[in-house]
Amino acid sequence: MQAKKRYLFVVILAVLLFIVYFGSKSDRKHGEVTLSLEKREFPTYMESEAVDLSSPRRRRESVTSDFKSGKCRMDTCFDFSRCVRGFKVYVYPVLERVSESYSKIISTIQESKYYTTNPDEACIFILSIDTLDRDINSVNSAKNIMPKIAHLGALWNNGRNHIVFNLFSGTWPDYSEVLDFDTGEAIMARASISESRFRPNFDISLPLVGSTHPPKGGERGYMYTSINNIPPLRHYLLGFKGKRYLTGVGSETRNSLYHMHNGDDIVLLTTCRHGKFWQKKAKELNDTRCDIDNREFDRYDYKKLLYNATFCLVPRGRRLGSFRFLETLQAGCIPVLLSNGWELPFGEVIDWKKAAVWADERLLFQVPSIVHGLSQPEIFAMRQQTQFLWEAYFSSMDKIINTVLEIVKDRVKSYFSRNSVHWNNFPGALSLLPEYSDVLHTYPSFYRQFAYKSDNQFTAVVYATSPVLLSSAPLFRLIRTVAKSTFVQKIVVIWNCDTPPPPSYQWPADLGIPILVKTKILRSVSARFYPYEEIETDAVFNLDEDSLLTTDELNFAFKVWKEFPERIVGYPARNHYWDEAKNAWSYTSKWLNEYSMVLTSGAIYNRYYNFLYFNTLRPAAYHIVEHLQNCEDILMNFIVSDVTKLPPIKVTHRKVSKETMLPGKAVTDPNYYQTRFKQRQGCVASLTEIFGYMPLVRSRSRMDPVLWKDPVSNLRKKYRQLEVI
């Protein structure tokens with residue numbers, strides 16, 4: 001047997017040798033042996049054209065674009081050198097119709113302080129091509145995006161330093177997240193993005209918003225519109241009212257909600273009554289619950305359920321995100337999320353554990369026990385956080401887009417970036433500029449939180465517009481009055497007059513405090529709010545040169561401000577009202593039982609607001625003040641009320657605070673005050689339009705010394721000068 005095997009092996013070997021020998025011999029007749037596998041198909045490493053050893057950059061570029069874009073980070077797919085000259089945003093010229101939502105995005109950026117019309121100085125680029133809706137069945141889906149991008153030329157640079165916005169991707173039946181155009185190395189600002197596709201610290205997750213989302217301002221949080229903003233106990237523990245998908249993506253969870261509905265404290269309502277052929281589809285699937293669900297669905301009003309539930313279920317729709325997410329935040333209802341793998345909006349900076357509850361779609365029936373397990377203090381804190389987040393980042397398209405820009409800016413200028421405390425505490429990161437300070441307790445909003453006590457001094461800023469001819473001029477009288485205060489550190493005179501200021505020897509001497517005269521910084525009414533380096537105190541007392549305030553009034557106002565360091569505190573008060581004839585907000589100086597503004601001709605406030613005035617204003621607001629050389633005090637009140645959501649504080653009974661307002665001291669031109677007054681009425685209307693809402697808050701309170709006008713000895717009264725005003 002073994003011999004046969006050996007014999008067979010020898011025969012096979014001989015046959016193979018015969019084939020190889022005669023095959024190679026026939027090839028030699030035509031020259032050299034030609035191998036069937038040519039050299040060009042399998043090059044060596046050194047000979048390969050696919051490998052470029054000229055530079056590491058070339059070797060990185062040899063990687064496929066898909067792999068690169070999937071691995072993008074700020075340090076690999078962003079050109080920081082473009083941002084050396086500042087954080088500016090360029091929008092490509094709009095050459096075709098865009099959707100209403102995308103128009104709001106473009107308008108927000110063009111009105112932003114970061115906007116530039118010069119692409120050479122831009123750090124960030126925004127497409128004018130509407131990429132929000134990439135559902136091919138949608139009427140808003142733009143066509144031929146790639147050829148349009150190709151026409152952008154060298155600025156596109158494979159998407160580097162570009163932000164591409166997208167709300168809807170994919171279509172029936174799978175609603176894929178893969179877009180139908182190449183975004184290259186662009187930062188994707190997307191809604192309904194999954195954690196698997198999200199590139200941390202590069203992409204930005206957006207909330208899903210509809211076309212009716214307001215461009216500016218937006219609706220206030222529901223808790224703030226009630227008389228008492230402490231969150232009340234609500235009738236329902238858990239609520240939901242929405243569509244039920246019979247089949248397809250997102251149907252599994254919604255089809256199971258009826259199991260938890262008890263009609264008592266848990267109200268979860270669905271309807272299959274949507275789409276053109278819902279009845280036919282229900283019959284095909286033998287779905288017997290449609291009629292039952294529809295009857296129960298019609299018994300409840302959606303808004304009433306939303307505003308009367310402590311927790312609101314937010315299950316995924318066809319895509320991971322849902323419009324209901326923002327609706328629950330506005331209503332002060334704690335969202336219970338049922339959308340596995342969803343990257344929450346602005347999750348890079350917002351701590352959603354403080355405002356939302358995560359639940360697992362696969363463990364749906366654990367939801368009741370999860371919400372029952374939260375204590376009342378935890379519920380109250382979470383509901384208040386929903387209101388803060390809504391108003392700070394989501395109430396309008398303006399807030400959403402500016403949040404996107406600030407996130408990118410923090411990445412670009414990491415040495416000035418804000419931390420989690422800035423983003424997750426009132427008033428929010430959009431109102432806290434890191435360039436001002438890297439110490440939290442120096443911001444007026446954090447004084448109480450950190451038990452910070454401001455210094456016991458103020459800087460007096462005196463705005464002068466008239467030449468000084470005599471030693472008894474109003475400016476010099478005011479300087480002597482201010483210098484008598486035990487709390488003043490220095491006096492800064494803003495000289496905004498065509499004639500030069502008096503020589504130093506003519507100014508009041510031996511006051512015990514320094515007097516600084518600023519003449520060439522800024523020739524504008526806004527110069528009184530410039531953040532001068534010489535202002536070292538937290539408190540700034542802004543005064544007109546002809547102010548009639550006494551030393552006691554200055555001291556009392558400062559003491560009141562110490563108790564309310566985040567507000568404007570002062571004397572001349574004004575109000576705003578709705579003018580039915582003009583259908584706009586207007587301005588009044590009548591003596592009423594309420595006020596909403598304290599004019600800065602005699603007011604004290606935190607110096608941080610000077611920094612905000614010159615570093616956060618939309619250009620349109622600043623241009624109004626510069627054009628009219630008026631309304632700067634109204635604008636400052638708008639800024640402070642927008643940040644604090646609180647009214648200013650009027651102190652004592654004084655009505656006339658300036659010498660020019662006294663009888664016989666008025667300007668001789670009778671039309672002067674009338675013209676100025678009409679300008680101020682127009683300013684209130686214009687600023688409201690720019691801010692997108694009316695930020696001013698009315699107050700009916702006034703601060704007076706405790707013993708003011710009391711029938712006690714004058715020696716017992718601390719602010720005696722107030723008695724004779």
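In what follows, every heavy atom counts, from backbone to side chain, and hydrogens, waters and symmetry copies are set aside.
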From the options Val598, Asn542, Leu543, Val569, select the one residue that forms a side chain to side chain contact (heavy atoms under 4.5 Å, CB included) with Ile604. Val569

Among Asn496, Thr465, Ile494, which one satisfies side chain to side chain contact (heavy atoms under 4.5 Å, CB included) with Glu545? Thr465

Could you tell me whether the side chains of Gln679 and Tyr587 share a donor-acceptor contact shorter than 3.5 Å? no

Under a plain distance cut-off of 3.5 Å, with no hydrogens placed, do Asn630 and Arg680 share a side-chain donor-acceptor pair? yes

Indicate yes or no: at least one non-hydrogen side-chain atom of [X] is less than 4.5 angstrom from one of [Y].
{"X": "Phe165", "Y": "Ile126", "value": "yes"}
{"X": "Val209", "Y": "Ser101", "value": "no"}
{"X": "Val164", "Y": "Phe181", "value": "yes"}
{"X": "Trp561", "Y": "Asn606", "value": "yes"}
{"X": "Glu406", "Y": "His422", "value": "no"}

Is it the case that the side chain of Ser128 and the backbone of Pro93 share a donor-acceptor pair, with hydrogens and angles ignored and the cut-off at 3.5 Å? yes

Any ion pair linking [Y] and [X] (charged N to carboxylate O, less than 4.0 Å)?
{"X": "Arg448", "Y": "Glu566", "value": "yes"}
{"X": "Arg528", "Y": "Asp544", "value": "yes"}
{"X": "Lys88", "Y": "Glu121", "value": "no"}

Check this for me: [X], atom [atom1], are more than 12 non-hydrogen atoms of other residues, nucleotides or ligands nearer than 6.0 Å?
{"X": "Asp498", "atom1": "CG", "value": "no"}
{"X": "Glu435", "atom1": "CD", "value": "yes"}
{"X": "Glu689", "atom1": "CD", "value": "no"}

Would you say the rings of [Y] and [X] are close, in the sense that their centroids are separated by under 6.0 Å?
{"X": "His441", "Y": "Phe446", "answer": "no"}
{"X": "Phe78", "Y": "Phe202", "answer": "no"}
{"X": "Tyr224", "Y": "Trp390", "answer": "no"}
{"X": "Trp585", "Y": "Phe691", "answer": "no"}

Would you sort out whether Thr459 and Glu536 count as a side chain to side chain donor-acceptor pair (under 3.5 Å), showing the intermediate values? CA-CA 8 Å; Thr459 300; Glu536 301 171 326; over 6 Å; no

So how far is it from [X] [atom1] to [Y] [atom2], rounded to the nearest 0.5 Å?
{"X": "Phe529", "Y": "Thr600", "atom1": "CZ", "atom2": "OG1", "answer": "3.5 Å"}
{"X": "Tyr530", "Y": "Asn610", "atom1": "OH", "atom2": "CG", "answer": "11.0 Å"}
{"X": "Met223", "Y": "Gln384", "atom1": "CE", "atom2": "CD", "answer": "5.0 Å"}
{"X": "Glu594", "Y": "Lys650", "atom1": "CD", "atom2": "NZ", "answer": "14.5 Å"}
{"X": "Ser596", "Y": "Ile634", "atom1": "OG", "atom2": "CD1", "answer": "9.5 Å"}

Intermediate values then yes/no, side chain to side chain contact (heavy atoms under 4.5 Å, CB included), Glu100 and Asn140: CA-CA 9 Å; Glu100 183 179 357; Asn140 291 322; over 6 Å; no

For Asp410 and Arg418: C-alpha separation, side-chain torsions, deciding distance, then whether salt bridge (charged side-chain N to carboxylate O under 4.0 Å, His left out) applies. CA-CA 7 Å; Asp410 278 4; Arg418 284 153 283 207; 3.0 Å; yes

Quick one, Tyr92 with His151, criterion side chain to side chain donor-acceptor pair (under 3.5 Å). Give me CA distance, side-chain angles, the key distance, then yes/no. CA-CA 11 Å; Tyr92 289 93; His151 286 143; over 6 Å; no

Residue pair [X] / [Y]: nearest heavy atoms and the distance that separates them:
{"X": "Phe125", "Y": "Pro119", "answer": "CZ-O, 3.7 Å"}
{"X": "Ile129", "Y": "Glu96", "answer": "CG2-OE2, 4.4 Å"}
{"X": "Pro565", "Y": "Pro444", "answer": "O-CB, 3.8 Å"}
{"X": "Ile145", "Y": "Asp130", "answer": "CD1-O, 4.3 Å"}

Tell me which one of Tyr608, Tyr452, Tyr605 satisfies side chain to side chain donor-acceptor pair (under 3.5 Å) with Asp538. Tyr452

Go through Arg574 and Val684 one step at a time and tell me if the side chain to side chain contact (heavy atoms under 4.5 Å, CB included) criterion holds. CA-CA 12 Å; Arg574 299 291 184 267; Val684 170; over 6 Å; no

Test ring pair (Phe, Tyr, Trp, His ring centres under 6.0 Å) applied to Phe323 and His213, step by step: CA-CA 11 Å; Phe323 293 112; His213 204 63; 9.8 Å; no

Consider ring pair (Phe, Tyr, Trp, His ring centres under 6.0 Å). Of Phe388, Phe346, Tyr393, which one does Trp423 pass it with? Tyr393

Stepwise side chain to side chain contact (heavy atoms under 4.5 Å, CB included) test for Val697 and Lys645: CA-CA 7 Å; Val697 183; Lys645 314 299 182 188; 5.5 Å; no

Report the residues that fulfil side chain to side chain contact (heavy atoms under 4.5 Å, CB included) with Glu534, sequence neighbours left out, ordered by chain and then residue number. Lys490, Leu516, Lys518, Tyr532

